[in-house]
K.L.:
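The structure follows.
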Amino acid sequence: METKKFDQADLAKAAKLIQEGELIAFPTETVYGLGADALNEVAVKKVYAAKGRPSDNPLIVHVANASSVSELVAEVPPVAEKLMTAFWPGPLTMIFKAKSGVFAPTVTAGLTSVAIRMPDNQSTLQLIQQAGTPLVGPSANTSGRPSPTSAEHVYHDLAGKIAGIIDDGVTGVGLESTVVDITEPDQPVILRPGAVTKQELEAIIGKPVAYDQHLVTDKEAPKAPGMKYKHYAPAEPVILVKGTDISKWREAIAYFQEQGEKVGILANLELITKLKSEVTEVFSLGLKTNIKDASHNLYAGLRFFEKTEVTMILAEAYDINDNNQAYMNRIEKSSGKKYF
Ligand code: TXA
Ligand code: MG
């Protein structure tokens, strides 16, 4: 199958392909999503096949406006209304109690709940409107790999497997949306950290929001099924180095080079400027340690090293706190939590 590249002017063509049950990758403010008609079972099954995604990992449904949600789920609790008003369109996915018979069965992978979000990207909101149907949208990468933050990343993973890609440049946030479970409205739980933080959610809801235990301890089975799989991993192993102590970085570089590794460094510009001449390749996460820049650049960085001769990546890790949760969650999974 030829994978066509679309831009703003071609949205009607892309919408028509969605109606015909084809797959179209779309831009969002977080990462690119792999779009299909959420009411069409055959189309949704193609999404799992194209990504190589395990069938027990449910998909997020993308809508073009908050008012449509009440028809799509069993109930919209007041807490959901508040969060939609505060954060939509934007990087927040909410898990609602599902209404039976609405979506294609494989969307929810057999669960009695459904994930919904309204992305903040004009082309994609228009695509959903013109297609006239909500779209499933898992990240548009091969399952297990870093999510795509540009149309090129999508093309690299899925060319030949999907009908088209809507190119809207590099995404802003760079990490997937925050997923919050509000099926028990009195006890909202963050299943996946993202750009919308626990503090920001609590400020709107006016009561404490918990992190799902597995995010903290890894001991229980995760409630977001997707979190149990290998995730966000580039071709080369990733080892984390915490902080910016230059002697610690030099020690790590020497340790791996002695074992014959060609080392790549993924860290802030100040650090890589000092270490550049000592390693094979470097990629900057941003001017200096800044969590927004690091999140924006993380996946592009992980994918960059695949095009080099680097055999392992040393990546900058931070303290785990409310602001750093999303970045640390992803980079710890990329590395299998391996620290130097
Ligand atoms: O930012 C994003 O959310 C991107 C863009 C494209 O919108 N999408 C995305 O989708 O990250 P995906 O499929 O890669 O991740 C969806 C996550 C998975 O961890 C999945 O297990 C979880 O949401 N999820 C989906 N439905 C769920 C449900 N009913 N209950 C619990 N977790 C659910
Ligand atoms: Mg994903």
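Just so you know, ligand 1 is whichever comes first in the structure, and atom 1 is the first atom listed for that ligand.
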K.L.:
Numbering the atoms of ligand 1 from 1, which are under 4.0 Å from a heavy atom of Asn57?
P.N.:
18 (C), 20 (C), 21 (O)

K.L.:
Do any heavy atoms of Ile95 fall under 4.0 Å from ligand 1?
P.N.:
yes

K.L.:
Sub-3.5 Å donor-acceptor pair from the side chain of Lys161 to the main-chain atoms of Met1, do we have one?
P.N.:
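Not a single qualifying donor-acceptor pair exists.
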
K.L.:
Flag Arg53 as yes when one of its N or O atoms lies below 3.5 Å from any N or O atom of ligand 1, and as no otherwise.
P.N.:
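Yes, Arg53 has an N/O under 3.5 Å of an N/O on ligand 1.
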
K.L.:
For atom 8 (N) of ligand 1, tell me which residue out of Gly35, Pro27, Gly137 has the closest non-hydrogen atom.
P.N.:
Gly137

K.L.:
At under 4.0 Å between heavy atoms, which part of Thr108 makes contact with ligand 1: side chain, backbone, both or neither?
P.N.:
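No part of Thr108 is near ligand 1 at this cut-off.
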
K.L.:
Is Lys5 positioned over the aromatic face of Tyr155, cation under 6.0 angstrom from the ring centre and no more than 45 degrees off axis?
P.N.:
yes

K.L.:
Nearest 0.5 angstrom please: Ile24 CD1 to Ile18 CD1, how far?
P.N.:
5.5 Å

K.L.:
Work out which heavy atom in Phe103 is nearest to a heavy atom in Pro134; give both atom names and the distance.
P.N.:
CE2-CG, 3.9 Å

K.L.:
Looking at Ser113, which atoms of ligand 1 are within less than 4.0 Å of one of its heavy atoms?
P.N.:
28 (C), 29 (N), 30 (N)

K.L.:
For Pro138, counting its heavy atoms only, list the atoms of ligand 1 lying under 4.0 Å from any of them.
P.N.:
10 (O), 12 (P), 13 (O)

K.L.:
So, for Asp56 and Pro58, which heavy atoms are closest and what is the spacing to 0.1 Å?
P.N.:
O-CD, 3.4 Å

K.L.:
Roughly how far, to the nearest 0.5 Å, is the CD1 atom of Ile166 from the NZ atom of Lys4?
P.N.:
13.0 Å

K.L.:
In sequence, state the C-alpha distance, the side-chain angles, and the governing distance for Glu332 and Tyr339, and then conclude on side chain to side chain donor-acceptor pair (under 3.5 Å).
P.N.:
CA-CA 9 Å; Glu332 283 199 332; Tyr339 282 83; 2.6 Å; yes

K.L.:
Which residue is it: Leu23, Leu59, Asp37? I am looking for the one with a side-chain contact (heavy atoms from CB on, under 4.5 Å) to Val136.
P.N.:
Leu59

K.L.:
Under 4.0 Å from a heavy atom of Gly33: give me the atoms of ligand 1 that qualify, with their elements.
P.N.:
6 (C)

K.L.:
Would you say ligand 1 has an N or O under 3.5 Å from any N or O of Thr30?
P.N.:
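Min N/O separation from ligand 1 is below 3.5 Å for Thr30.
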
K.L.:
Near Leu111, which atoms of ligand 1 are under 4.0 Å from a heavy atom of that residue?
P.N.:
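Answer, ordered by atom number: 28 (C), 29 (N), 30 (N).
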
K.L.:
N/O/S of Ser143 less than 2.8 Å from the Mg ion (ligand 2)?
P.N.:
no

K.L.:
So for ligand 1, is Ser139 a polar contact partner (N or O within less than 3.5 Å, distance only)?
P.N.:
yes

K.L.:
With heavy-atom distances below 4.0 Å as the criterion, list the atoms of ligand 1 near Ser177.
P.N.:
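Matching atoms, with element in brackets: 1 (O), 2 (C), 3 (O).
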
K.L.:
Please work out which of the three classes, parallel, tilted or perpendicular, describes the rings of Phe26 and His62, given edges at 30° and 60°.
P.N.:
perpendicular

